[in-house]
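Everything on this sheet refers to the single structure shown next.
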Amino acid sequence: MSGNEQLSTTQEKEEPTAGDDERSTGDGDDELQLQVELLREENERLRRSYALARRSSYRRSALGLAAVGVLATVGAVLFPTSRDVLLALGGTGLFGAVLTYYLTPERFVAADVGTAVYGAMADTEGAIVDDLGLTDRTVYVPTGASNPEAWLFVPQHAEYEIPDGDALAAPFVVGDEPSERGVSIRPTGSPLVREFDAVRTGDPGDDPAAVVDQFADAVTEQFELAESLNADVSPDERRATVGVTDSAFGGVDRFDHPIPSVLAVGLAGALDAPVVAETTSGDAERADYLVTLRWPETATA
């Protein structure tokens with residue numbers, strides 16, 4: 001065999017054929033698909049484990065309360081002199097155990113899921129406001145004194161007037177007067193305020209300080225939207241400043257963020273007056289963001 005023939009034979013052995021390339025690509029796709037399936041299964045397993053851990057925490061709390069109730073009830077039998085106190089403690093513990101056990105949430109939504117959903121909405125509505133050349137002012141207008149619903153009105157001009165309720169029902173407010181033009185959006189805080197009103201105890205009336213404090217507690221305790229909120233209310237100046245730390249839904253300065261939205265919708269409903277909300281960056285040592293709420297002099301407070 002000549003040298004040229006030997007070189008040709010060697011090249012034929014070393015060069016892969018088209019079929020080999022296709023098989024190699026196919027094997028790579030199969031491997032990638034397998035990895036995706038494994039990651040998906042692992043993600044589902046982690047979600048189930050997280051939900052189970054949360055439910056187990058509620059169950060342990062219920063068992064702890066039940067144990068306290070039983071011990072207090074037994075103590076009432078053994079110590080007649082303290083029977084009234086121990087019976088009251090036992091009844092409270094057993095009642096709390098029943099509520100905790102049966103009111104345990106069956107489904108938990110991860111914070112990153114809520115952040116992604118809210119982020120898509122905020123980006124879309126914020127883009128609409130920017131494209132229309134509207135102001136950066138957000139005004140939460142109540143629909144009635146006894147109704148937790150509200151509209152988020154973004155005016156076209158800095159000098160604006162609040163349109164009537166019928167005009168606010170349309171997304172694009174195009175009144176006869178330029179000062180009444182803008183967009184009207186259902187705020188994210190309305191359904192949360194409605195949920196809070198269904199379970200809250202005590203009516204703060206139209207006292208701005210009491211209203212803001214109550215809804216600040218709801219943001220942290222009931223909805224768990226932030227680690228902590230610190231409110232400073234000045235009724236004489238018709239202003240409230242709320243410091244927000246560790247928001248669960250990211251930057252509080254995004255369009256219609258749930259935290260300022262809940263505070264503004266709740267305060268607007270209590271005062272039966274429009275509330276202007278403004279969010280700025282705060283001092284990192286005391287708060288991540290500062291939410292400032294302002295209401296007009298004509299408010300009922």
Side-chain angles (χ1 to χ4, degrees), residues 118 121-122 124-126 128-129 132 134-157 159-219 222-223 225 233 235 238-240 242 254-279 291-301:
Y118 159 71
M121 182 216 69
T124 301
E125 295 181 347
I128 293 174
V129 170
L132 294 176
L134 306 180
T135 65
D136 59 356
R137 181 159 299 184
T138 52
V139 187
Y140 293 83
V141 184
T143 58
S146 60
N147 193 335
E149 299 296 330
W151 294 107
L152 170 55
F153 176 61
V154 183
Q156 183 178 13
H157 303 285
E159 299 295 332
Y160 65 92
E161 296 180 7
I162 303 296
D164 59 29
D166 293 336
L168 289 173
F172 299 98
V173 183
V174 288
D176 296 333
E177 297 295 331
S179 59
E180 296 182 351
R181 296 173 184 171
V183 297
S184 178
I185 300 170
R186 182 70 70 185
T188 59
S190 283
L192 297 178
V193 170
R194 186 166 58 248
E195 290 292 329
F196 175 67
D197 283 343
V199 299
R200 72 172 170 180
T201 58
D203 184 3
D206 56 6
D207 179 15
V211 172
V212 172
D213 286 341
Q214 195 174 66
F215 280 100
D217 290 340
V219 167
Q222 180 175 345
F223 303 122
L225 297 178
V233 183
R238 301 181 301 280
R239 175 184 56 82
V242 182
R254 302 184 71 178
F255 186 83
D256 192 31
H257 191 280
I259 292 177
S261 189
V262 167
L263 298 172
V265 171
L267 185 59
L271 301 180
D272 192 22
V275 172
V276 178
E278 179 183 1
T279 303
V291 177
T292 302
L293 308 173
R294 294 185 174 88
W295 56 92
E297 188 174 1
T298 55
T300 56

Measure across [X] and [Y] and return the closest heavy-atom pair with its distance rounded to 0.1 Å.
X	Y	result
A268	Y140	CB-O, 3.7 Å
T135	P155	OG1-O, 3.0 Å
Y118	R254	OH-CB, 3.2 Å
D206	L271	O-CD2, 3.4 Å
V173	A167	CG2-O, 3.6 Å
P258	T188	CA-OG1, 3.4 Å

Would you say [X] and [Y] make side-chain contact, with heavy atoms under 4.5 Å?
X	Y	result
E125	L152	no
V262	F196	no
F215	V193	yes
R294	E278	yes
Q156	P178	no
E180	F153	no
E177	E161	no
R239	T292	yes

Within the supplied structure, the quantity of interest is the number of heavy atoms (other residues, nucleotides, ligands) at a distance under 6.0 Å from D217 CG; does it exceed 12?
yes

For R137, which residues count as a salt bridge (charged side-chain N to carboxylate O under 4.0 Å, His left out) partner, sequence neighbours excluded?
none

Go through the steps for L192 and L225 under the test side-chain contact (heavy atoms from CB on, under 4.5 Å), then give the verdict.
CA-CA 11 Å; L192 297 178; L225 297 178; 4.1 Å; yes

CZ of R186 to OG1 of T143: how many Å apart, nearest 0.5 Å?
7.0 Å

Distance, nearest 0.5 Å, that separates CD1 of I185 from OG of S190:
12.0 Å

Distance-only, no hydrogens or angles: does the S261 side chain make a donor-acceptor pair with backbone N or O of D256 under 3.5 Å?
no

Taking E159's backbone N and O only, do any of them form a donor-acceptor pair with S179's side chain (distance below 3.5 Å, no angle check)?
no

